[in-house]
Amino acid sequence: MRIATWNINSVRLRQDMVKRFMAEHQPDVLCLQETKTPDELFPRDAFLSLGYKHQHIHGMKGYNGVAILSRIPLTNLSIERWAGKDDCRHIYATLPDKTELHCLYVPAGGDIPDVALNEKFAHKLTLLDELSGWWKNKSAHETRKILVGDLNIAPLEHDVWSHKQLLDVVSHTPIEVEKLGHLQKSNGWYDAVRHFVPADQKLYSWWSYRAGDWAASNRGRRLDHIWCSKPLISSLKSTKILREARGWEPKPSDHVPVIVDFA
DNA sequence: ATGGTAGCGTAGCTA
């Protein structure tokens with residue numbers, strides 16, 4: 001069972017790139033973030049011929065938007081709304097073995113890491129708090145669940161190119177790392193990617209568009225994650241972060257696909 | 001300390 005997640009930064013602009021990824025890497029389920037399109041304009045048909053006929057999409061005009069594209073049946077298609085907004089950041093569905101799969105897009109949070117000065121940062125922290133409370137209340141840590149998405153936080157020292165230089169930069173501040181830790185604790189979530197890659201090794205899934213030469217400067221961050229609940233840890237088989245996709249022509253996303261294989 | 005690029009949609013917001 002191959003699960004993949006990718007912040008695609010416009011699914012309409014990059015639908016051929018999504019198809020390339022599907023053809024070359026054969027995910028059973030692909031979760032997308034930042035689809036940036038209302039549901040009626042989502043290119044559903046483009047993915048049907050490759051076998052992704054089970055589709056759970058939830059988008060809006062211009063911003064955000066999430067999608068689950070699957071070759072295996074999805075049931076209980078659900079949408080959640082957080083922090084008093086209806087901004088298309090969280091959907092989930094049930095896989096045939098009853099595993100609940102969540103596709104999440106956490107707000108980037110703006111530039112200033114201060115809730116008093118920056119309401120986008122406050123929104124980010126509020127959403128994380130609400131999600132933590134939600135899973136805590138469910139208290140069903142022993143059920144099979146997978147959480148994937150652009151969480152817009154790089155929690156570990158080697159999830160960023162320079163821990164010291166990014167301590168005040170939104171995505172790697174101590175308060176965000178703490179909130180993400182609470183989220184992880186709320187359901188006993190386990191980092192399925194770091195399971196395979198030791199914490200002292202650099203690992204990135206995003207490189208800014210603003211760098212002159214992203215590959216040469218290599219100032220990346222690991223913002224995209226795949227987590228699983230405890231019962232799935234023993235099924236973990238392998239992982240891959242598709243760095244090369246950052247260079248895909250003609251116009252790459254600034255994020256690359258993250259893949260985990262489960263038995 | 002500053003400014004650098006990209007997408008949507010055609011100004012300015014968000015990332």
Side-chain angles (χ1 to χ4, degrees), chain A residues 5-21 31-43 46 57-67 81-90 103-115 117-128 148-155 159-162 164-173 175-176 179-180 204-225 243 245-258:
Chain A
T5 181
W6 193 7
N7 178 320
I8 194 62
N9 188 18
S10 175
V11 70
R12 280 185 285 170
L13 191 69
R14 274 183 265 281
Q15 56 185 282
D16 288 344
M17 216 166 268
V18 173
K19 288 166 77 174
R20 173 177 175 182
F21 174 68
C31 297
L32 300 175
Q33 303 84 37
E34 283 208 87
T35 53
K36 293 189 173 178
T37 183
D39 293 348
E40 60 271 21
L41 297 177
F42 191 99
I57 65 176
H58 184 50
M60 59 188 278
K61 185 176 166 181
Y63 302 103
N64 313 327
V66 284
R81 297 170 178 84
W82 301 109
K85 293 179 190 282
D86 191 6
D87 57 354
C88 307
R89 295 182 180 275
H90 183 190
C103 176
L104 179 64
Y105 176 50
V106 173
D111 288 331
I112 306 165
D114 183 330
V115 294
L117 300 176
N118 173 11
E119 63 183 34
K120 291 202 282 280
F121 193 67
H123 175 219
K124 182 177 196 175
L125 299 189
T126 298
L127 184 143
L128 291 167
V148 313
D150 177 3
L151 306 187
N152 264 315
I153 298 173
D159 288 341
V160 294
W161 64 276
S162 169
K164 266 193 173 174
Q165 285 176 259
L166 288 172
L167 275 171
D168 291 324
V169 175
V170 173
S171 73
H172 193 62
T173 64
I175 182 70
E176 291 170 89
K179 297 286 188 191
L180 195 72
Y204 313 138
S205 66
W206 172 89
W207 292 260
S208 173
Y209 282 127
R210 298 179 192 178
D213 183 338
W214 71 272
S217 59
N218 197 28
R219 294 183 169 189
R221 306 178 201 169
R222 187 171 70 111
L223 304 178
D224 304 275
H225 299 269
R243 186 183 204 270
R246 183 60 180 79
W248 278 2
E249 297 292 341
K251 291 157 86 65
S253 171
D254 47 353
H255 296 251
V256 300
V258 178

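Order of the sequence lines fixes the chain letters, A, B, ..., with proteins taken first and strands second; residue numbering starts at 1 for each chain. Only a predicted model underlies this, so the values are computations on that prediction, with no experimental measurement involved.
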Inset, instruction - Name all residues meeting the salt bridge (Lys or Arg N to Asp or Glu O under 4.0 Å) criterion together with A:Arg20; count only those two or more places apart in sequence or in a different chain, and write none if there are none. - result: A:Glu24
Legend entry - B:dG7 to B:dT2 separation - C1' atoms, rounded to the nearest Å: 23 Å
Legend entry - Exercise: do A:Arg221 and A:Asn152 side chains pair donor with acceptor under 3.5 Å: no
Inset, instruction - Could I get the full list of side chain to side chain donor-acceptor pair (under 3.5 Å) partners for A:Gln165, not counting sequence neighbours? - result: A:Ser162
Legend entry - A:Arg89: partners by salt bridge (Lys or Arg N to Asp or Glu O under 4.0 Å), with sequence neighbours left out: A:Asp87
Legend entry - Pairing residues for A:Thr126 by the side chain to side chain donor-acceptor pair (under 3.5 Å) criterion, not counting sequence neighbours: none
Legend entry - Euclidean distance for P, B:dC8 against B:dG3 (whole angstrom): 26 Å
Legend entry - Nearest-Å distance for atom pair CG/P, residues A:Asp111 and B:dT2: 13 Å
Inset, instruction - For B:dG4 versus B:dT10, give the span between their C1' atoms, rounded off to a whole number of Å. - result: 22 Å
Inset, instruction - At under 4.0 Å between heavy atoms, which parts of nucleotides 7-15 of chain B does protein reach? Answer with one letter per nucleotide, 5' to 3': B base, S sugar-phosphate only, - none. - result: SSS---BSB
Inset, instruction - For nucleotides B:dA1 and B:dT14, find the distance between their P atoms and express it as a whole number of Å. - result: 25 Å
Inset, instruction - Please measure how far the P atom in B:dC13 lies from the corresponding atom in B:dG9, and state the result in whole Å. - result: 16 Å
Legend entry - Partners passing ring-ring contact (aromatic ring centres under 6.0 Å, His included) against A:Tyr63 (at least two apart in sequence or in another chain): none
